[in-house]
Amino acid sequence: MKNISILLSSLFLFLITGIKAQVPQSLTTAKTAEEAGFSSERLKRLDTHFQEVIDKGIAPNIVTLIAKKGKIVHYKAFGYSNLESKTPLKKDDIFRIASQSKLITTVGLLILFEEGKFFLDEPISKYIPAFKNPKVLVSYDEKDRSKYITRAAKSEITIRQLMSHSAGIPYEHALQDLPEFKVPFFCSTDKDILKDVVDKIAARPLIADPGTQFVYGLNTDVLGRLIEVLSGMSFDEYLRKKVLDPLGMNDTYFYLPDAKASRLVELYSKGNVNDKLSLHANETYRKYAISGERSYFSGGAGLLSTVEDYAKICQFILNKGEFNGKRLLARSTVEIMGRNQIGESFVWDRQDKFGLGLQIITPESHYGDNATAGSLTWGGMYCSEYTIDPKEETIMLVFTNVHPYAHYSEIVRKFRILVYQSML
């Protein structure tokens, strides 16, 4: 009987250890693409496509990373980090990831949720009083926008609505140029601070009643301020301590250290398909990460990262809350992130849903192409995007930095199609 007990205990330990080992705690390179479930021959189509995109002047640079079960099967850099100097792009060059910041901020806030700091359906005004008694914009005078009419919103804004972009807070606002409502779009080289910006966002009238439709906007910037209120730390310090350092994301920042500034890729524009790539005209967009006051931390769009660094948080989501030997979120919390939080609404015309901090590809998707239904995705306005496919146990990322960009889908959607066509 004693031997049987020892045998059962050993078997149980083996099973637990085996299960644990199946969750990748790091990203490693696969010996062959075939070993990880990809065709090396069909992956060459991806290389051919993106090299043509570079050669034709459609994009200045592209970096890609594909990993299945933590095994990297494709990780390459194409083009130039700077077209003028013809500096070849390196795989660890740093990109402006814009709205991909939202996933990182959401993870940070959900850590506080698991610590019992708030309920998802509590009003944000409980923690940031400036949001009490929200108004909805009814009309305004086109010639004098200081003349506008509002009505009381039908309900308070909840934290869940902020996390799912259903609070009625937009990016582009009809009254945004009025001094009392003027805020940074997402980045600043001036002496802006998060508290002041969020109070101005709260003063703006909403463009829809909370909870009634998907309205993409400055919601996640508000969540960054909520993190400060709940944690007693600056948002920047909190993300570093609670999310970035534990996951080993050592190249992800709001503002780059001087020693890493040379790794920031240049920012270009190509607003029409027939335009040539040109340096972005907005100096703040190009230089905010390495110049200015460095005081404004935009949780919605202010971070920079490398493709490999960002792959770590994608693998963390795929692992349901664990990576680098650290469990930051419970499986159940990550599962909530991937559930529809916007009811009958859709993400624009994509026929997709939105969870907490990310988009959910549906079977009827007009955007996900051949991605598995239930896959999670989001991108940034400078043309970067990730897809996390739980069924295929695969993450896929593609980055460039061009804005405005007439070829956004040419990069991100064709990349995704090329990844799936190469799966065995």
Side-chain angles (χ1 to χ4, degrees), residues 99 101-102 105-106 109 113 117-188 190 192-230 235 296-302 340-348 354-357:
S99 287
S101 306
K102 291 176 171 65
T105 300
T106 302
L109 183 58
F113 167 72
K117 301 291 188 183
F118 66 94
F119 291 110
L120 289 175
D121 294 312
E122 284 184 308
I124 186 64
S125 61
K126 178 177 177 180
Y127 304 100
I128 305 177
F131 283 95
K132 190 69 179 172
N133 301 319
K135 306 290 186 183
V136 176
L137 182 64
V138 174
S139 63
Y140 58 91
D141 187 325
E142 285 279 4
K143 295 180 179 178
D144 183 359
R145 298 201 181 200
S146 66
K147 298 175 182 177
Y148 60 90
I149 298 171
T150 64
R151 62 168 172 81
K154 293 179 181 178
S155 64
E156 292 273 321
I157 297 168
T158 70
I159 297 169
R160 187 193 300 270
Q161 290 162 353
L162 290 166
M163 297 175 89
S164 59
H165 293 268
S166 56
I169 298 173
Y171 268 117
E172 298 288 348
H173 196 289
L175 309 182
Q176 65 191 21
D177 291 329
L178 297 179
E180 63 268 34
F181 299 142
K182 196 171 184 64
V183 301
F185 189 62
F186 74 90
C187 66
S188 174
D190 296 330
D192 293 299
I193 62 170
L194 191 53
K195 180 185 182 304
D196 294 345
V197 170
V198 168
D199 282 349
K200 281 192 173 186
I201 293 171
R204 289 175 164 185
L206 306 176
I207 64 167
D209 283 296
T212 60
Q213 58 182 275
F214 180 80
V215 179
Y216 190 57
L218 291 161
N219 303 269
T220 316
D221 294 79
V222 178
L223 298 178
R225 175 58 186 156
L226 178 59
I227 284 175
E228 292 187 333
V229 171
L230 295 174
F235 179 40
Y296 181 57
F297 306 116
S298 168
N340 174 28
Q341 303 287 339
I342 59 172
E344 298 300 313
S345 296
F346 291 104
V347 176
W348 303 311
F354 208 83
L356 301 180

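Keep in mind it's a predicted model, so treat the numbers as computed, not measured. Position 1 is the first residue of the sequence, and the numbers go up from there.
Under the 3.5 Å distance criterion, with hydrogens and angles disregarded, a donor-acceptor pair is assigned to the side chains of Tyr216 and Lys102. Between the side chains of Ser125 and Glu156, at least one donor-acceptor pair of N or O atoms lies under 3.5 Å. Side-chain contact annotation: Gln176 with Tyr171, donor-acceptor N/O pair under 3.5 Å absent. For the residue pair Tyr140 / Ser146, no side-chain donor-acceptor distance below 3.5 Å is found, with atom types taken as modelled.
Ion pair Arg145/Asp177 not flagged as a salt bridge, since none of the NZ, NE, NH1 or NH2 atoms sits closer than 4.0 Å to an Asp/Glu carboxylate oxygen.
Under the rule for a ring-ring contact (aromatic ring centres under 6.0 Å, His included), the partners of Phe113 that lie at least two apart in sequence or sit in another chain are Phe118.
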Practice problem: Determine, step by step, whether Tyr296 and Asp196 satisfy the side chain to side chain donor-acceptor pair (under 3.5 Å) criterion, reporting the C-alpha distance in whole Å, the side-chain angles of both residues, the deciding distance to 0.1 Å, and the verdict. | Solution: CA-CA 10 Å; Tyr296 181 57; Asp196 294 345; over 6 Å; no
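With hydrogens and angles disregarded, no donor-acceptor distance shorter than 3.5 Å links the side chain of Gln341 to the backbone of Leu356. Side-chain atoms of Glu122 never come within 3.5 Å of backbone atoms of Thr158 as a donor-acceptor pair (strictly under, hydrogens ignored).
The environment of CD in Glu180 is crowded: more than 12 heavy-atom neighbours from other residues, nucleotides or ligands sit within 6.0 Å.
For the atom pair Lys132 NZ and Ile124 CD1, the distance stands at 12.5 Å (nearest 0.5 Å).
The aromatic rings of Phe181 and His173 sit tilted relative to each other, their planes meeting at an angle between 30° and 60°. Between Trp348 and Phe214, the two ring planes are perpendicular [angle over 60°; tilted spans 30° to 60°].
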